[in-house]
Colleague: 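The following block contains the structure, expressed as structure tokens.
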Amino acid sequence: MQVRGVRSCDAVVIGGGIAGMSAAYSLSRLGVDVVVLEREDSLTAHSTGRSAAQYIETYGGPLNQALTVASRDFLLGDADGLAEAPLLQPRAFLWVGAAEHLGDLENLRQEMLPLSPQLAIVGAGEAREYCPVLDPEWLAGGLFEEGSYDIDVAGLHQTFLRGARRQGTTVVRSSPVEAMERAHGRWQLRGAAGTFAAPVVVNAAGAWADEVAGRAGVGPLGLTPLRRTIFTFAAPAGYPAEEVWRWPLVADIGGGFYFKPEGPAQLLGSPADETPDVPCDARAEELDVARGIDAVNGATTLGVRAVRSVWAGLRTFAADRHPVVGFDDTAEGFVWCAGQGGTGIQTSPAMGEVVASVVCGTPPPAELANVVEELSPRRLRPDR
């Protein structure tokens, strides 16, 4: 959509990925007139469209875990009546480890019991019943989680987009923000699609969030994009497709790999890499793909020799690996919604509600009342 002249609104959200659209949806539900500006022609060109997309309550540390649990009802329900199909499909999660990491499995179980009491330590034999291609010579044990799901990322993003548009949100694609300044209590943002004016700007620009802040004269938070590599490969011969489809997502507690079923007769794998990068259209490196194949082959009998497709995405973190949501103390009306790392999809419903509560001054969801302050960008500028 092209906009000419000056378009005034209550809030401009920069970034049309899952973070920006969930924020726009939650804001619009509270009666906020929102404009979303997306630099690309596609709203899901980068991290949102490249996620392995799993709902895992044991992943990401305490703050992310709380946001994930707070998102469960929205994701498992009908998404406020907006979802056209189920957003989650059951996919059990199996942490696995070699002998030297058995203690890590038990530590994670103890940490997560308050949120996920269904977690169970399993021996090597039982782990292989869930996924028979695990190599018994490598495998020492596992941690099994039933309350995990595949996420329909495209369906979830469309749900937020659909809901926001029904509330009057304007979405403008191919519109990178070229300049920003604040005057007379309002931000003015200039770009190819025109000029937009609003008292509040929400910076949901993902890997580009620090760059966007710089255009507003706001200091960076030190957000770091980390590249994650994904590859797909054929399912092993000798296993019926329906059996393979029932396998869990399997992840090395030591951080060396993960893999899971992905479509008919195909598996998706990753070296679980976190390679520092710059904001960009990320591309997989051959060496990272090779490392992923070696890691998967070293722990399984899959014998992966060729891949069908490869890609990479950027997962952006703050130094403490917690998301950043809140007003910036150095710039009136400038709100951060960034640093979601590898949990941006599964936490998006709760993150959107937190953004809306911060912007509108309304109470956050009760289960997140003690979380909001911990998400504030203030923690990353201790000198202020």
Colleague: Does Ala204 have any side chain to side chain contact (heavy atoms under 4.5 Å, CB included) partners at least two apart in sequence or in another chain, and if so, which?
Modeller: Val13, Ala19, Cys337
Colleague: Indicate yes or no for a side-chain donor-acceptor contact from Ser148 to the backbone of Ala92 under 3.5 Å, with no hydrogens or angles considered.
Modeller: no
Colleague: Please answer whether the main-chain N or O of Ala52 pairs with a side-chain N or O of Arg228 as donor and acceptor at a distance below 3.5 Å.
Modeller: no
Colleague: Kindly indicate whether the side chain of Arg283, heavy atoms from C-beta on, has any atom under 4.5 Å from the side chain of Arg227.
Modeller: no
Colleague: Donor-acceptor pair, distance only, cut-off 3.5 Å: does the side chain of Asp252 make one with the backbone of Gly254?
Modeller: yes
Colleague: Tell me the ring-ring contact (aromatic ring centres under 6.0 Å, His included) pairs involving residues 252-301, sequence neighbours left out?
Modeller: Trp138-Phe257
Colleague: Got Ile56 and Gln346 here, is their nearest side-chain heavy-atom distance under 4.5 Å?
Modeller: yes
Colleague: Among residues two or more places apart or on two chains, list those pairs meeting salt bridge (charged side-chain N to carboxylate O under 4.0 Å, His left out) that have a residue in residues 299-315.
Modeller: Glu274-Arg315
Colleague: Could you tell me if the side chain of Val34 sits less than 4.5 Å from the side chain of Cys9, heavy atoms only?
Modeller: no
Colleague: Which distance, rounded to the nearest 0.5 Å, do you find between the CD of Glu262 and the CD1 of Ile230?
Modeller: 9.0 Å
Colleague: With a 4.5 Å limit on heavy-atom distance, are the side chains of Leu87 and Thr159 in contact?
Modeller: yes
Colleague: Looking only at the side chains, is there a donor atom on one of Arg39 and Ser175 sitting less than 3.5 Å from an acceptor on the other?
Modeller: no
Colleague: Can you pull out every salt bridge (charged side-chain N to carboxylate O under 4.0 Å, His left out) where at least one residue sits in residues 117-144? Sequence neighbours excluded, please.
Modeller: none
Colleague: Quiz question: by atom type and distance under 3.5 Å, do the side chains of Ser270 and Thr229 form a donor-acceptor pair?
Modeller: no
Colleague: Do you know which two heavy atoms are closest between Val304 and Asn297, and how far apart they sit?
Modeller: N-OD1, 2.7 Å
Colleague: Do Tyr55 and Asp150 have side-chain N/O donor and acceptor atoms under 3.5 Å apart?
Modeller: no
Colleague: Is the backbone N or O of Glu374 less than 3.5 Å from a side-chain atom of Arg379, with the two atoms forming a donor-acceptor pair by type?
Modeller: yes
Colleague: Classify the side-chain pair Thr68/Glu57 by whether it contains a donor and acceptor separated by less than 3.5 Å.
Modeller: no
Colleague: Which ring-ring contact (aromatic ring centres under 6.0 Å, His included) pairs, counting each pair once, include a residue from residues 66-108, with sequence neighbours left out?
Modeller: Phe74-Phe160, Phe93-Trp95
Colleague: Please list all pairs passing the ring-ring contact (aromatic ring centres under 6.0 Å, His included) test where one or both residues lie in residues 293-326, with sequence neighbours left out.
Modeller: none
Colleague: Measure the CG-OH distance between Leu249 and Tyr59 for me, rounded to the nearest 0.5 Å.
Modeller: 10.5 Å
